[in-house]
Structures are given as structure tokens and as C-alpha cells.
There are 2 protein chains.
Amino acid sequence: MQWYLVATLLTVLTSSQGILTTLSQTNGTYKYDYATVPFLAEVFKLAVSSLLLWKECQKSPLPKMTTEWKTVSLYPIPSVIYLIHNNVQFATLTFVDTSTYQIMGNLKIVTTGILFRLFLGRKLSNLQWIAIMLLAVGTTTSQVKGCGEASCDSLFSAPIQGYMLGVLSACLSALAGIYTEFLMKKNNDTLYWQNIQLYTFGSIFNLAKLIVDDFRGGFENGPWWHRIFNGYTVTTWLVVLNLGSTGLLVSWLMKHADNIVKVYSTSMAMLLTMILSTFLFSFKPTLQLFLGIIICMMSLHMYFAPPNMLLDMPLTVKPDEEERLIEVSVDRRTHS
Amino acid sequence: MQWYLVATLLTVLTSSQGILTTLSQTNGTYKYDYATVPFLAEVFKLAVSSLLLWKECQKSPLPKMTTEWKTVSLYPIPSVIYLIHNNVQFATLTFVDTSTYQIMGNLKIVTTGILFRLFLGRKLSNLQWIAIMLLAVGTTTSQVKGCGEASCDSLFSAPIQGYMLGVLSACLSALAGIYTEFLMKKNNDTLYWQNIQLYTFGSIFNLAKLIVDDFRGGFENGPWWHRIFNGYTVTTWLVVLNLGSTGLLVSWLMKHADNIVKVYSTSMAMLLTMILSTFLFSFKPTLQLFLGIIICMMSLHMYFAPPNMLLDMPLTVKPDEEERLIEVSVDRRTHS
């Protein structure tokens, strides 16, 4: 399976995630407890991975599965990082409004690139760094609040703690993704066994959150196993399945591609959602959305195109200029 | 003289042009006839070029000067193109507002690149084309009207003729610059002789415009030679000298560099003016200005940096990825 096909599918499903989530609302609110969705998605991913591992075990040779505790004990770490991240996100939103938070969220593209280099030791060319920064600039550009928007709070007027927490949130978001890639590529275990470990711990953490919510809510609607499906419609189930599917695709990309591919997929998904929203939700298309799309497309081309294609410069020799002949010889092929 | 020093000086003077012009106003209007400024600037440039040519003629060997009519007769053409452009600009502004016109003006960056290739036959690498498009996107981004602006007419709601004329205006603007570069590089005449031809015709055309204004105004303030200095302050003279100086620098760049360098200079000047306006005129800095500056800086780097610097990619060989070794050998040096 080619990584760019999986990446494209991830883009489509991430975009549909946003749209389905909006469609699952009733009059702008959730009639179901949104916190139940990640838990059920983890269970779904665990079930699918178990099934796929079972099928793989019917063949020979048996797939490789490391069961040493010193390896397995690393698998809760992404869930721990996500837990800390969610709390930091909550704290940030006490200082800044949601649109400022969304704009700061684009920083995770850059922090992912930085950790890609520092933590995983993956070197990028100067041009690829420019491409990554342009991706962050492009997504931010598309989100610039235009003339005539209802609420107009300044981006620059929040307390300093808001910005510091926003940067921390972007770092944690990147760290979770990078650590997951580290785990997936650590050994040659089958992806499904790695998924099972990841999603078992993920399910436990999400269940713990539901139980904590039970205690905080004073068991108003009963324990979690009573209230978990309250308000669920067909659309809600589609949200769960969609979220589970995107998670499985991200796992695959973490093993067979890398975080930068994932970051490009999700950024393109954001733009795709905005485009679709102009048709589905009468969202007004803006100049900044158009500019953001152009910037992101160029970033994509700059990052992934082979260098000889970018620099394919035919010779031009003019008598009245001092210009040396150009010789470019590049041989580069990479699968990520 | 290094071209990048001249280009930087052009950036500074183009920026000061905008600021001086604003400072020369009294309570938001011009107490002098702004149409006299380009004429006096042409005369100034003509005087300076004549002086410099005379000095050059004191040395030996004598500088080369082509006086054949078939060459000299080409020198009015830039002025003719500018005349048509000014009329198209006027017609465009009857269909679109000034901010829409300013946004469409960024297209001239792209049309300059296109004519650079088609008319002058100068080939650009894929990456340089991306850089040129990003420059146009960057300048446009900085001009996006933000939340809370006073007037909020939609960019997309003008009649189609407005957009067509805007595109035509961008093409003519580019054509004038490209044709000037063609003239300057056509032969090995001294720059000052070429300037004298260019500015003689320029002065004639501008003077003709003043005379036409006389007739249109019914000679209210007397003929042009009576009214030309009406309302002139020290600042107005600075505007004239500044405009003349930028014109001389552009001529130099047309001969010793090229139109793309000029386009980068003037685009950076636009951003510099916006930055200075935040200090001088209490202009509020916006997110889109910040984003636009980042995009233009990256564009600058991508266009002018040598390819081996952009692709300086150290080797990374990972056992679980199929990645070939990278060999980049580039030898390229160009003076424009």
C-alpha cells in the first residue's frame, strides 16, 4: 500500500470527521456526551487490530510480537502525553479565546518538525524546513479573521500565560505524535500487535476519564455504562467509526511513513473542510482561504518533489552577463 | 557596485517615497498639483544623467553611444506603455475600489515573471517560479482586510470588467518594466546615454500631460509654467527628488540586474512601509502583515539562495527504510 494513498485517505476522513461532528449536533449543541466518543473509538480500533492480528496469525510465518515488559511498558506513554495535553489545552482556553487557540495550534506543525529532528534524528534539507514553515503559515493565513466578522477580539491582547500555554500545547501535541512514531519504528513487530498495546492503554485512559466525569457529575445520569449511549444517533456512531478509522490510518503512517506526512494530511484536511463548508454550511469563501490553499499546495510540492524537478534549470548563456554553466546531478529517492 | 546594495537602496527609497508623499499632504489632501511631480522627477533624472555622461566623456576611451534613429526611436515606447497603463488604471478604478485595485496590483509580480520568460527568454527553475508566486501571495496576504476595518466591501463583488481591466493593468505594468530592461540590455551603450534618451521622452510625455490638464482645467490657474510650483513645500521637493532617485536606481538595475530583482525590491518596500506606518502613523500591526513578511522573506531566500544551500542534506541511512544516498553537485553563479 502506497503511503500517499493512505495519506490522501487520512485527509478525506479527517475532513469528514469535522463535518460529521458538526452534523451530529442538534441546534448547535451535543445531545450526547462527547467524551464517550474517544473511548468508543479506542475500543473500535482495538477490536479491528485484534481481528487483523488474528488473521495474520493464521498464516505462517507467525508475525513478530515483542511481549517483554520493558517494551510493552512504553505504550502507555502516548496516552499520558495526550492526557497532559488535554489539560494544558483546557488551561490555555481560560486565557485565550477559541480562534486564538486555533491559530496557535498551527505551531504544532513547526514543533513536530523540530522534534522530528531533535528526537528522531531525521535530518531535513533547508528547503524542507522552509516548506514546513510555509505549511504553518498557509494554514494560519486561511484562518485570519476577515473584514466583517462578528466578534473581533485582538489576537495580540491575551495575557502572556495564554501564549506560553499555547506554545506548550503545540509542543505536547507534537511530542505525542513523535513518540508514537518512535514506538512504531522501534522494532519489527507487526503493526497490529503494536496497535493492540497502544489502544489497550488508550481505552484504559479514556475509560478512567469517563469514570472521573461520573464522580465530578455526581453520578447524575448514572455510572458510565448506563449513560454511555445516551443521545446517540446514527450520525454519532459515524463520528465514532470515523474517528477510529483515522486513528488506524495514523498508526499505519507512523510505521510506514512519518509524522511530517501525517501533518501534511491533517493540514490539507483543514483546508478541505473549509472548502466543503462553503457548500454545506454557507461558509463565505474568503481571499485568505484562497491564499492559504495556494501556500499549502506550494509547501506540499516543495517538500515532496524530487530536487532535480525543482531545480530543473535549462542552460541560459547570455554574452553580456557573467553566468557560469549549471550542472545539477541529483539522485534521491525516499519512501517517506 | 553590487546589485544587492542598489536593490536595498531602492527598497529604502521606495518605502520613503510612500511615507514622504503622505507627509506632503495637508489634512489629507494635496495643496499642490500631484501631476507636476512626475514631470519634475523626469527633468531631475535627465539633469543628473546628463551631468554623469559629461563627466564620463572627460575620460577616455569615450563611452559608447548609439545615435541611429532606429535605436533611439525605441526609447519613447516605455513612456507610451505607461501612458496606456495610467488610463487603464483610471478605467479600472471606475469599477473597483482602491483596496481591490491594490490587491489585484500584486498580479504584476506574476505577469513580470511571465514576460521575463516569454519576452526576454530568461528561463527560471521550478523553484524560482514558486518563489515568484509566493512573493505575490505574501504581499497580497499582508493587504488582507482584517477584522474590524471601517469599510468592508467584498473583494469578489465587482463587475467582471473591473477584474479584466485589473489584469490588463498588471500586464501593462510588467510590459513597461520588461521593455525597459530589453532596451537597457540591447547594446553596450553607457547607461547615462540610455537614460538621457529615456528621460527626454519621459519629460516630453509628462509635459504633454500637464498641457492637456491645462486645457481640461480651462487654464484656471494659468498655463503649466505659472502653476507648476503652486503649493510646493520642502516636503514636496523631497518627494520629487526621491521619485527621481528611485527612477535612476531602477534604470541601473534594468541594465546590471533584472526585473525580478526590481520586483523583489519594491515588494519589500511595500512591507517596510507598512512596518514603518505602525510607528509613524499608528497603523495597527496585524497577523496578516506578520504572515506576509514571513512568506516574502522565504520567497526571497528561495529565489536567490544557491541550490546547494537549499538542498544541503546530510546523509541519513535508516535500516528499515529504502532510502538511496544523496549526491548533489551544483556549480552555479550568476550576477542577476
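The analysis underlying the following values was restricted to heavy atoms, covering all of them including side chains, and did not include hydrogens, waters or symmetry mates. Numbered from 1 within each chain, the chains take letters A, B, ... in sequence-line order.
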### Query
Do the non-hydrogen side-chain atoms of B/Thr141 and A/Val137 ever get within less than 4.5 Å of each other?
no
### Task
Go through the atoms of B/Ile130 and report whether side chain, backbone, both or neither lie under 4.5 Å from a heavy atom of chain A.
both
#### Entry: Structural part of B/Met302 lying under 4.5 Å from a heavy atom of chain A
side chain
### Message
Surrounding CZ of A/Phe290 (heavy atoms of other residues, nucleotides or ligands, distance under 6.0 Å), is the total greater than 12?
### Response
no
#### Entry: A/Ile295 side, atom CD1; B/Ile295 side, atom CD1 - distance, nearest 0.5 Å
3.5 Å
### Task
Check each atom of A/Leu287 against the heavy atoms of chain B and say whether the ones under 4.5 Å are side chain, backbone, both or neither.
both
#### Entry: A/His301 NE2 to B/Leu127 CG distance, which is reported to the nearest 0.5 Å
8.5 Å
### Query
How close do A/Asn126 and B/Leu310 get, heavy atom to heavy atom, and via which atoms?
CB-O, 3.1 Å
### Query
Can you find a heavy atom in the side chain of B/Leu311 that is under 4.5 Å from one in the side chain of A/Leu311?
yes
### Message
Using side-chain heavy atoms (C-beta onward) and a distance below 4.5 Å, is B/Met133 in contact with A/Ile294?
### Response
no
